[in-house]
Each structure stands twice: as structure tokens, then as C-alpha cells.
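Presented below is the structure to which this report refers.
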2 protein chains.
Amino acid sequence: MHAAPARPTAPAKRPRGRPRKTVDERDDGNRRRALIVGAARLFRRKGFDGTSTRDIAAAAGMQSGSPFYHFRSKQALLFAVMEEGMRHAVERQREAIAAAGMEQLPPPEQLRLLVRHHFQVLLGPGSDFIPVMLYEARSVSPRQRTSLAQLQGEYEQAWIPVLEALHAAGRLQADVKLARLLIFGALNWSVQWFDRRKGATLDELTAAALALFIGERA
Amino acid sequence: MHAAPARPTAPAKRPRGRPRKTVDERDDGNRRRALIVGAARLFRRKGFDGTSTRDIAAAAGMQSGSPFYHFRSKQALLFAVMEEGMRHAVERQREAIAAAGMEQLPPPEQLRLLVRHHFQVLLGPGSDFIPVMLYEARSVSPRQRTSLAQLQGEYEQAWIPVLEALHAAGRLQADVKLARLLIFGALNWSVQWFDRRKGATLDELTAAALALFIGERA
DNA sequence: CCTACCGATCGGTAGG
DNA sequence: CCTACCGATCGGTAGG
């Protein structure tokens, strides 16, 4: 994904490409990506305003001014984290739905699949992007927020028919729209208290959520 | 509450007290309180790291260095916001329980009372303190966090027997501890999306939450 | 509580 | 992507 396409028409500035100085060959995609990954971790741990661009540069092994070669501003870097996280989540949700043949499952199992996947996105390994998007939304521009809201809309599209089916079947008493907001709250808040090293597993968490929302026993 | 006590033994530095320069007489309690209230609003809107002590001073009509006459540090001011918010919430929850004679109610109605009061604390008028405590916890010291956790423990004490009664009665299928965490998440997240000016009322929100958690119809 | 101020740090940039 | 740097702002303090 996002591999740099070859540019056959570009004139070679130096013969036989640029020299490789060390073993860790760097190309723009790698460095940009290192900034995004490091920024995601720092933004999650210390918040956007609590993280300096120097911290981010150091995390990627760069000097203090170098992030601005890759990103116009600190805010643009934040948006990149959020957008990449959201695109990734949407994509992985699509895959999970397809892989399980979700449409064939009974609605409670459809909800279980979505909840389990959402916990994975929030709490699984390397899961800094979505928590940053959820908890640092204040720091992006209105235009950026609108753009992210569109991706979030895509993500939520998968949930709506499931909740409506459960509502129609009498398994979900609450108003569907409010239920969706409350359910996402219950899941998203787990970022604040879940500790992967101890306590429940993601499967146990999922079971508890299903039991709470639709009275589904494990 | 917190009225400054008279000090009869203190020698009067000036005859007949200090002169009142304007109509808005100021005493220490008032000014300290103005800082707390202003800080709460700013911390909620812009976050702790995104708020400068100059912003806070200006909101209280002071010069930039003056907040430090009342508080040792910006962090101490944050803690004051959180602690006061939490003490207030615990106190008001106690009053709500007593006023309704909660022990006499059936468990679903006990939960309704607690949920409705919690939404009031989170979303009612002048409700900046608890959202700040929930969303800026990262910025207080471990010692302060421990102190706040104790107040939170008091607050949650009221919920545990209610959830256990519902669990015993088969109205709540989920593990009680996980259910409590998920429920608080669903409620606390409402800070992110609830708009008091439009959309649902707190009563409708409460009804939806009850329907979701224990299948209680309005 | 104000005045005047300090050292540190911040996001960002020019030029290479 | 580094070097060298800038103007702005920050939390906090001394002295009154």
C-alpha cells in the first residue's frame, strides 16, 4: 500500500541512483511513516498540545526542524495520524465483515463481530491512531473534522442495519440512534481503563458488552 | 460555603477595614473561586496544555502573574478544579439518593436515578468540572490521581449494590465489574456529542440508557 | 494582587 | 533532511 510508483520520465540526477550511505536505506515514504507512527504514540501518551515537534522528530531520529520537510505543520501531522488510522479501521472492518460472511450471521453475532473488531482497533497492538482521533479531535480544523466525520460515517454505516435488526427483533429496546451513541461511548471509553497486561481479554470484554447491550449470554 | 471566617485577633492594618474602590468588592474566596470557575471552562474547551495561565488570569480579570498568588502552579489549579468538581458530585449524589429515598425503589428505578443524576453532573448547566476531571486526568500527578480516585470510589460505591441487585434479578447479564466500566463509558462519552441546545433531553437520554442496559421500556 | 521580568521552550523557516 | 536561527509565548517569580 502506498508504494512509490516508478517515475520513468524523471531525469536521473545522479548516475545509478543515489548512494546508500548505511544499511538503513531511507526513502521519503519510510521517514514520513516513521513520523506518523511516532507522533501517534506521543499524541496518545501526552496529548497533542503536550507533545513538541522536537519530541516527534527525536522519536523518528531526526533533527528538530526536519518534520516540517514532511508536514506543513504540527496540525497537518495530527490530521495524517487520524486520517490514516480511520482509513485503516474502515478497511479492516470491511475485511472482517467479508471474511466472516457477516450477512449470513444472526444479528446478535453480527453485533459481536463489530464489537470485537472495534475493541481490536481501540486496544490491540499498535493501536494509537484511533484513540488519538477520538481524544484529540479538538485540535484539528473544522475542515479536517468534516473530512474525518465522513470516514467515521463509513465506519458506522456497518453498524446501523445491525442495530435496526436487533431493534426490530426486540433485542434492543432503546432508540437506535441513541443506542449507537451510547454503545460507541461504552466501547471508546475502554481506552481509559483497559490494561492489556492484566485483567480481561478482548474476548471477555466483547462478551460483557454483548451481555450488557442485548442480554446475550456468552 | 467556604466563606472567609472573621479573624478577631488579627490587628487591623488600616482603620475600619480596607477601602472599597468599586462596587465589585473582592475578597480572597471570591477571587480564588473565579479562577477555578474560569479555569474549568477553559480547560474543558481547550484542554489543560492548550490553556495558558494568562488566559485564566484574564478570565478572572487579573494580570498574568496573579493566579500564582492563589495557586502554587497551573497543575495545582487543575487539581482544584477536579477535586471541587468531584466533591460536589459526590455530595449532590448523596442528596439525590436521600431525597428520593432510593433504598425503597425497585432496582431498575435506582439505576434510573443514578444515571439521570450522572447525566446532570456531566451535561447540566455549569458542568465543566467533571468533564475536565474525566478528560484531563493525564495532567495531574500520581499523588493527586490517587486522591481523586478515592473520591471516585465514593461516587461508585452507590452504584455497585444497584448493579449487583440487577444482576441477581437477571436484569443485567454482564459481569458486574465490566458492566460498571462499560456503563460509565457510555455515559461519560456523552460529553463528546451531547448538545444541550438541540436533540434529546436528559430524560430521553436516561430512558435510552436504561433501555440499553437493562431493557427497561420508558 | 500588580509590575516587571526571567529562562526555557515552542512551532516554524531560510538556506543549503 | 540538517544547521542555525527567529519571534512568540509559556509558567513562574521577586518585590512591592
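This is a predicted model, so every value here is computed, not measured. Each chain gets a letter, A, B and so on, in the order the sequences are listed, and its residues count up from 1. Just so it is clear, the values below take in all heavy atoms, side chains as well, and ignore hydrogens, waters and symmetry mates.
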Aromatic ring pairing B/Phe184/B/His118, orientation class (parallel under 30°, perpendicular over 60°, tilted between) | perpendicular
Helical stems, DNA chain C - three or more consecutive Watson-Crick or G-U wobble pairs below 3.5 Å = C:1-16 with D:1-16
Those residues at least two apart in sequence (or on a different chain) that pass ring-ring contact (aromatic ring centres under 6.0 Å, His included) with B/Phe71 are none
Residue pairs meeting salt bridge (charged side-chain N to carboxylate O under 4.0 Å, His left out), one or both in residues 177-186 of chain B, sequence neighbours left out, come to B/Glu156-B/Arg180
Output yes when B/Arg32 and B/Glu84 qualify as a salt bridge under the 4.0 Å nitrogen-oxygen rule, no when they do not.
-> no
When rounded to whole Å, the CG to P distance for the pair B/Leu77 and D/dC10 reads 15 Å
Which whole-number value in Å describes the distance from B/Met62 CE to C/dT3 C1'?
-> 16 Å
Identify the pairs formed between an N or O of the protein and an N or O of nucleotides 12-16 of chain D at a distance under 3.5 Å, and give each distance.
from   : atom 1 : to      : atom 2 : distance (Å)
D/dG12 : OP2    : B/Lys74 : N      : 2.6

Please indicate whether A/Gln75 has more than 12 foreign heavy atoms, meaning atoms of other residues, nucleotides or ligands, lying under 6.0 Å from its CD.
-> yes
By ring-ring contact (aromatic ring centres under 6.0 Å, His included), B/Phe48 pairs with (sequence neighbours left out) B/Phe43
So does B/Gln63 get a side-chain nitrogen or oxygen closer than 4.0 Å to the phosphate oxygens (OP1/OP2) of C/dC1?
-> no
Any side-chain donor near an acceptor of the partner, A/Trp189 and B/Gln192, under 3.5 Å = no
Nucleotide C/dC10, atom P - distance to NZ of A/Lys46 in whole Å = 8 Å
How would you list, by chain and number, every residue that makes a salt bridge (charged side-chain N to carboxylate O under 4.0 Å, His left out) with B/Arg54, sequence neighbours excluded?
-> none
Round to the nearest Å and state the distance from B/Arg33 atom CZ to C/dC1 atom P.
-> 15 Å
